[in-house]
Structures are given as structure tokens and as C-alpha cells.
Amino acid sequence: MIDRVSLYEAPHVHQGATTRRIMWTVIATLVPAGAWAVWIYGWRALVVILVSVAAALLGELIGNLLSRRFTLRDGSAVLSGLLIAYTLPAGVPLYVPIAAALFAMLVIKASFGGLGTNWMNPAVGGQVFAYFSWSGALSAWVTPRFWPQGIATGPPLGLSPLEYIASHSVDGAHLAGKVSAALLHSYPVSTAAEAIASWISDSLRLTIDPHFVDLFFGNVPGALGGVSVLLLLLGSIHLFRRRIITWQAPVAFLTSFLALVWVFGGLPANRGWFAGAPVLQLFSGATVLAALYLISDPVTTPLAGRGMVIFGIGTGIFAFLIRVFGAAGESVFMAILLMNVAVPAINRLTEKRLNETARS
Amino acid sequence: MKPRGHKLQESEKDERTGLGTGLWKRNPIVGTALGLCPALAVSYRVDNAIALGAAVFAILLLTAATMMPIGMQVPLRYRFMLQLVVSSALAAVAELLFQAYAPSVASRLGIYVPIIAVNCLVLGGAEHFGSRSTWGGALLQRLIEGLGFFVALLVISVVREVLGSGTITLFRMGTFDGVVHVGALESHPASLFGYAAGALIVLGYLQALAEWVSRARKERGA
Amino acid sequence: MKSIATLRNGGLTLREPSTGTASGPIRNAVIPSIGVFPLQQHSGVPAVAVVSVGDRVREGMLIAKATDTVSSPVHSSIPGVVSGFRTVRLPNGERSEAIVVTLEGEFERLGVSDPGTGHGKSAGRSELLGRLLELGVVSLDSNGIPLQVHWKVPRGKRVETLIVSALNDEPYVTVERRLAVERRAAFAEGLAYAASILKPRSIVFAEDADDNEANEVAGSLEEVAGRAGIAFSQVRIGPRYPRGEQRELVRITTGRTIPAGTPITDLAVTVTNVSTLVAVRDALSGGKPLIERYITVAGGALMNPSLLRVRIGTRIRDLIDECGGFRDVPDRVVVGGPLTGSIVYDLDTPVTKNMNAVIALSKRETDGEDRTPCISCGRCLSVCPEGLNPSRIFKEIEHGHYERAAAAGLMECTECGACSFVCPSHIPLLYGLRQGKRRLTEGAK
């Protein structure tokens, strides 16, 4: 093992970045979204987050015992634990994040060699493990703070938007298509959202349904870290500026996903072409969380920019297929896992051909 | 700890003899990965595993025993076909026995009983029948492999069922209804292990364990 | 004919550090009281001493002669007495015998302006090359190839392009641009000599895009080219590292890619810089052997970063003192640039012909982080000017798969160090790549 400590070799200066600092910066940009969730859903959300992070640290520690390295300080375990919690609802029974985090750290990460050697995204893998193992528990939505008073908190009104739509359509056929006005109307919306929507229509002359305001700010039942689209976007701006994440994968993913939803989303419900509801799909089901934070995990995604584009498009296609013809919220996560498998192949395909540089 | 199997002639320094080797390195499921499909398909319940494992063991042994005397008389290129006929007949018998005496098991095992006929494990010995090895040695060798299959299948099924459903389902015996309940796990089992994905994960770790044990044994000069 | 060019792939934009950079005019360094002259100051076979202990030497006198075609003689840069021989450890790790001269006696050249005999531009190529060999002139860049070898055009070949670089490629190393301005006439005259020896079809002047004084200099050069009937063009290059690296420079200015490992003599392109042309002029017009050169002495740990005209053989310790000593305890003293330079282990190491800078780096500036696992972030890939995948090549080398590393492009690596510079896990990529290359070339022998 070529170690740096004993070397005095060129180059003698360094740009200054460290992996640890990168991880903690990412964690820091995620805090606002989590804080919002705690405010909206109550203390239970905080408990879920803390338990998940603690379990991830424990899992990493056990892995450290086997590999005889101490890596807790590098922040990757905390980040994975945080992301796992962010994909879960606030009311989830605590054994779920614990098991998911342990599975992520031990099975997905440590068994393959620790940081940098896992091929599957640990947080996403943990989440999908939880989904297949305890799918019922993953619908433990908590109604958000700003919902109108007196709303019944259980199903059907207490469901996440996607599940609500799915439960009202025949064979889930309406899932990706434009939602009928009646259906939209029947879902609760906060007074604050209505106020904002009317303000927007007055001053900007733009009519938007107040439900989308709720979705954008994160005032609906949903995954902890996935609801507040606004705060996730703001946090990610810092990451983009520091070049910690690159634009290729998120843009490729969102473009392909949304385009497919828009074009084909209405077909299952026989609404015709171009009858999909991309904005709804964008703001629900933790799509934004996945696009900004999960797709950008450096370890399990391609190296080069071109590869990231391919990765993003592939994820978009799979996410579209699974969401329209399959489960509601978990689609993006499964899509990411499917593309994780393809990453080594993508890397080989997008490596610059040596012949290009050697000959001219 | 493990009794040595009957040694083959010196000239054949085949390691396929020891009980230890048969259980670990040459173990069909975790070592040489033979017969995985039926193994993983039915191992979500312990009683399935026991039934299938026993069936494979029995058919393996009986096929070998039948092929021994006949095999020598038959030219090499027909031995394989002969074995296929023998194992198919035995598999058909097994299927009928299951249907008669354990219909619920039969329905769960379904197609995997007749498939034993073409299980690589069962067919794998064709070339050895009629070779220089002694009948006793080769038979013992098959016995050990069958035992290995059975044990591996049992272990996998216990892990899968405990984690995946919180129970261990055995056979009805007297007043015991056959189901062992494992406390807290039963209310919130990790259903992933009931699926194929869970099976492969358990198999993977078991293979890692087998590899580790094999290497340790090799170092000890086993 | 000007255009702003940049690297084809990758590259880094490095900021010039706010403190520790030497700007301002070049001054003469104090004459050293002891001169240490290694016999190996160039690429090739070491010179052989022709003096013994106790001999009197004059300034500019031959003290070691070239033995081979690929060798260069050594001249004393100070008058004095040979006080002994020593083995010095050169920054590249090799050892060399060195002649030690103690200062004594009068100077002949000091303060005397160059006579400028204008050693016939009409003289033939081989005569000029012979003179350069005699006067110990080598290429004053990181290669240090004796000029009689570097500038010898094989029979039947033609030099297509002569690239003249006035780039300050690495941070801190700022002397070339300054020199082009301060000794403009000599620079142009040196170019004239180069043109008559190499007879290229075209001359390209490579300058930094932010170099404001380059145009005046370019004017003189263009005149020279015009008189020789050679096409001249300027290429302004944006501030990306490693634009000054030879193969990269050729690619930027001419668009041609030279395959790795091509021997110098096969190239139809010759690269040279300001220091070399000035030294050529001083040798051919002034009859002066290579006994001094222009050096950047800078760095965050240095009190007064300066651009100095230094006598070969001056100990680095003396240069540091000249610059006011250390401001902080230096973490490393490096010969060359901060990215590609070598560590100085001993401050008594002398300045040799092929040193262009001495940088004293403080602890704040150097990289002391431990190595952590690779997270496949891809930064190394994105900065590599050759378009390689350093992380993959490094992993192959670490696992001993040298042929696979070669297949992935190891030999194309120009050792610029950009990959190690950006790696957030602080993996010693450059070190590993160098090890790999060494293994491959040794194995091939």
C-alpha cells in the first residue's frame, strides 16, 4: 500500500480539498431539509433521523473492527444514515431505519471493502431493503403541521400525494397522468398555500394550483428529507458551486424522467399522448432528493461527465417505468440501484480512447 | 473431529474424499454451486428444505448405487443417457411418494422434485462410474456430497425463514404443529429474505464462510 | 497572428500565491565564496574532471571536460583554488562527484559588459554547435539536454517548428517572463542563432495570455524571424497548468500530438525558452561559457522572494541568505516548481545548470494530509491533460499489474502532478505513476 505519510514527493502543494470535508459539507447542506421535516412532522422525525444515524455509525464501527481501520470520522456513515432517514416517513417504526442502516453499512459497504469499494449506493440499498422487507411500515405518513385543522389523519387523506392518487385510480392507472380537477380538489391543502397561490396569480399573473405550493415547500405527508423541494434545491446550490456535485447526472436524470412522464404518462389511463403530470412527479416521491443527493454519490456513479449523462438517462428511464407501471414512491431508488450495476460498464465505455491522444 | 473418508488409491490424489472437504470445499451449494436453482427456490421454509434435501440425497445415492454395477458394462458415451433414465425414474418415484404421503409438501415443492432428475449434482458423477475408483469409495463420495447439499440447504432455509417470517416450520409430530415461533421477529419479519434476493444474500455469505473455512483448513494442511 | 489557446483536455487553473512570489527586476546574486560544481549537471554522461586539488582556476575556466557526445563540460564560475572533491546528492536523488572551488583572486568578467564579438551568424551549423558544446551550454529547462545534441538536426530531417516559450507555467516560477523583457536584445539575438542552427520552417512564440509586455518582446522576435525569412506567429495561452509541459505545448501551439516516448531527435518540433536563448547568445556572441543563469527564489517561507542572476555552483544556502533567510520554518525546500520539483535534502546543494527555481514552502502551503480511500470522484480524470484515468492506472500499479497500467496509458503520463494536486483523498497518484513507469522501463531493459 503506497502511503503518503513517508513521502516527500511532488507535487508539494495541494488544492486543499479532503474527502472528509466534502462529506461533512454535504451533510451540512442537508440539515435545512431535515430541520424542516422536524418542524413539520414533529419530534418523531428527529428521533427517526438520530436513530438512523446512530445505527449507521454502529454498523460502520462493526465494519471497522473487521477491517482494522477507524473511519467514523470521515462522515460517510453519518451521511448514509441521514439519507436513509430522509427517505422514510416520520411515523416509521424504529426498527426499520435501524435495520436499513445496519444493512447498508455491513452488507452493502463493509462486506465489499468499505468506503470507495462498494458498487451499490449504501443509503439507497438500505432504503430498498427496507421497502422489500417491511413495505407496509413505509407508509406511516404523518400529516404536516400546516394542514387545515380537523383533517382526519389516517388514510385516505393522510396518504402521501402519490399514494392518494394511486388509491383513487383503477389499477393505479392515473399515477403519472394529469390529475383530474376533482381528484386534486379532494386532497387537503393548507391555507398558507392558497394564500401564496393567489398572491402569485395576482402579482405574477400565473395561475398555479395551491397544491403545488404545498408540494414545493414540503407541506404534505411524505419522506422526511424528500418533501421540501425548496430547501433541497437551496442546499444543492452550495454543492454545485464548490464542484462537489456536477450537473450532468441530475440534469440528465430529471430531463429524461420528466420528458418521459410528460409524453407517456397519460397512456395507462387512456388519456392520450403528452398527458402526463411531470411537475407532480417531480415534487413527490423524493425525486428531488434522489436527483441531487443520491445520484451524485461519487463512489457508485461513473467517473467521467459523459458517463454521468448516460447514468442519469438510464436512471430516468427506469424511474419512469417503475413509477408508471409499478410502485409509487420507491421508483427512483430502485432505478438508481439498477444503474449502479451498469456503472463499471459505463466507465469502460466512456474512457477516452488512447488512440485519440496518441495519434493525430 | 471429522472422520476421514475411505481413501482412494494413492495414484489418484483426488481431494474429494474427506468429510470435511465434502462439507466445505466440495459442498455443492456453497462450494461448487451445483443445484442452486431448486435449492434457492424452495428454501424459504425449513420443511421444504428438509424434504428436498432428503429427496436429493436419496436419489443421488440410489442413482449411484444403481449405476455402479451397470456402468462398467456400458460404453462411456451411453453412460450419461443411462444415468438420465435411472435418475428420472427415481425422481418420478419420489414425486409420487410425496404426493401420496405429504401432499402439502409436494404442492409446495412443485416442479423441483422432477427437476432433481436433471440436477447437475445428480448427473455429475456419470463419468466416474466404471472408472478405476472402487465402488465403495465413489459411493461414499456421493454420499458426502449429498449430505453437504442437505446441510447447506438446511442452514439457508433456517436463516431465511427465521429472518423472513419469524418461524421455523418443521413437520407435524403428535401434538406439535410443527411451527417454531421466534419471538419478536414474527411480528415484523424482514420479508426480503423470503424472496429470491434474500436467498442470494444468504447464499453469498454462506459461500464466503465456506471459502474462509476451506482456506483455514488448507493452511492447517488438511 | 495571435490567438488565445488552451489545453485540449483537463488542466488546472492555478492562482499565483499572494505572498511569496517574486516580481520585480532581476538582480545579481552575491558571488559565492564557495562554488560546488557537480560533474553531472545535464542529461547524459557526466563530465570528467581536468583539475586536481590545489589547482588555481580562473573564472570561466574549464574544470571538467565532456566525454561523450551526450555530455557537457563544466566551467568554474568563480576564480579561486580547487579545495577538494565531494559527492553531492542532487535533488533528483542521484549522486554526483563535484569539484569544490574556494573563491580567491580577481574576476575578469564581473562588471565587464559583453564584448559581443558577433560570432558570425554566417558560421555554419556544426561550427556553432561545436562552440556550444565547448562552452557547456545545455537546454535550460527541466531536461538539461546538451544543446549540441538537442539542436543537432539529423541528416535528411527538417525542423518544422521552433517553439519559443516565455511562459510562467507553475506558481512562483516567474523568471522567464521577466527575463524576456530585461534582456530583450539578447533574447532576440539568441533566437537568431537558434534559427540559423535549426533552420525551422516557422517560429512560434508562446506567451501567457495575461503577459502585457510580451508584445514588445514579440516585435523584436518577429524582426529576427523576418530577416531569416522564417514565418513567425504568436500564440497566447490561457492560464491553465500544465501548458508549459513540452508535449502539451506542442499540442497547443501546433495541434500535433507527439506520442509518448518519442526520442528528441525524431521530433520535427523543437521547444526552447528564454533562458536558453539568452545563454546561447552570451556564449556565441559573448564567448561566455555557461557559468550563470537566472533563477526564481521564492516561496511562502522565504523572507524576500527574488529573481536572481546566479553563478552556477552557488550553494542554495547562500541564495536563501541572499533573500533574507526564512520567514517561517520551511516545511520543504524544492528545486523547480511546487508541482513538479524535487526536494532539497541539503542546503549545501549547489545550483546547477538545469535548476530554474528554488522554492521554500511553508507548512501552510504543503500537503500533509493522510491518504484515505479513493471515492471515485473523477477529479483526477477531469484534470489530466493527457486524458488518462489516473485513479485506474494507479490501482493497477498498486496491485502489480504493470502491463494493464500500460494498456490504460501509463506511458502517456507527462508527470505534471495535476491529479495528485486535486485528489480529495490525497492519494499519491504521481508517486505511484512514477513507480509504475520506472518498473516498466526497467523491466524492458
Side-chain angles (χ1 to χ4, degrees), chain A residues 1-23 67 69 71 73-76 113-119 243-246 248 296-308 343-344 347-348 350-360, chain C residues 8-9 12 171 251 255-257 259-260 331-332 334 336-343 359 361 365-367 369-379 381-382 386-389 391-392 394 397-398 407-409 412 415-418 420-428 430-432 434-435:
Chain A
M1 163 98 160
I2 301 179
D3 212 339
R4 175 152 202 113
V5 181
S6 51
L7 297 181
Y8 284 122
E9 281 269 347
H12 305 284
V13 290
H14 195 276
Q15 196 176 49
T18 60
T19 305
R20 187 173 54 195
R21 216 173 294 151
I22 292 177
M23 295 281 170
S67 64
R69 283 198 300 212
T71 60
R73 242 182 276 133
D74 68 16
S76 58
L115 181 65
T117 53
N118 48 300
W119 62 267
R243 311 261 183 95
I244 291 179
I245 56 181
T246 52
Q248 284 96 340
S296 49
D297 169 45
V299 180
T300 55
T301 50
L303 285 170
R306 278 185 292 183
M308 288 293 237
V343 165
N347 273 333
R348 287 303 162 105
T350 54
E351 253 181 18
K352 295 207 164 99
R353 301 263 154 247
L354 281 183
N355 303 325
E356 270 172 40
T357 51
R359 285 189 243 124
S360 314
Chain C
R8 198 180 63 176
N9 305 311
L12 299 168
R251 195 184 292 143
R256 303 165 65 146
T257 302
D331 189 51
R332 297 180 210 185
V334 164
L339 281 142
T340 55
S342 323
I343 291 240
I359 317 281
L361 297 167
E365 299 175 291
T366 55
D367 176 25
E369 296 279 346
D370 289 334
R371 174 182 172 174
T372 55
C374 170
I375 55 170
S376 299
C377 65
R379 290 181 192 199
L381 184 83
S382 64
E386 298 301 310
L388 303 174
N389 182 348
S391 64
R392 173 156 161 240
F394 181 87
I397 292 173
E398 222 180 9
E412 301 283 323
E415 301 188 23
C416 70
S420 296
F421 183 79
V422 292
C423 177
S425 296
H426 294 259
I427 297 178
L430 179 58
Y431 177 71
R434 279 184 176 159
Q435 295 288 79

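Proteins come first, then strands; the chains are lettered A, B, ... in the order of their sequence lines, and each starts at number 1.
Within the 4.5 Å cutoff, side-chain heavy atoms of C:Leu361 are placed close to those of A:Val13. Under the 4.5 Å side-chain criterion, counting only non-hydrogen atoms from C-beta, A:Arg69 is in contact with C:Pro373. Considering only heavy atoms from C-beta on, A:His12 stays 4.5 Å or farther from C:Asp331 through its side chain. Residues A:Asp74 and C:Thr372 fail the side-chain proximity criterion, which asks for heavy atoms closer than 4.5 Å. A:His14 has its side chain out of reach of C:Glu365: every pair of non-hydrogen atoms, C-beta onward, lies at least 4.5 Å apart. Put simply, the side chain of A:Pro11 does not reach to within 4.5 Å of the side chain of C:Thr340, judged on heavy atoms. Residues C:Pro424 and A:Thr18 are not in side-chain contact: their nearest non-hydrogen atoms beyond the backbone lie 4.5 Å or more apart.
The contact between A:Leu115 and chain C is made by backbone and side chain atoms together, counting heavy-atom distances below 4.5 Å. Contacts between C:Cys377 and chain A at a heavy-atom distance below 4.5 Å involve backbone atoms as well as side-chain atoms. For C:Val422, the parts sitting under 4.5 Å from any heavy atom of chain A are the backbone and the side chain alike.
Your options are A:Pro298, A:Ser296, A:Gly116, and the one with the most heavy-atom pairs under 4.5 Å with chain C is A:Pro298. Taking C:Gly378, C:Pro338, C:Ser342 one by one and counting their heavy-atom pairs under 4.5 Å with chain A, the maximum is reached by C:Pro338. Among the candidates C:Leu430, C:Ile375, C:Thr366, the residue making the largest number of heavy-atom pairs closer than 4.5 Å to chain A is C:Ile375. Your options are A:Ala17, A:Ala304, A:Gly114, and the one with the most heavy-atom pairs under 4.5 Å with chain C is A:Ala17.
Atom-to-atom distance recorded for A:Arg348:CZ and C:Arg392:CZ is 4.0 Å, nearest 0.5 angstrom. Summarising the geometry, atom CZ belonging to C:Arg379 is positioned 10.0 Å from atom OG1 belonging to A:Thr246; distances are rounded to the nearest 0.5 Å.
Applying the salt bridge (Lys or Arg N to Asp or Glu O under 4.0 Å) criterion to C:Arg434, with sequence neighbours excluded, gives A:Glu9, C:Glu415.
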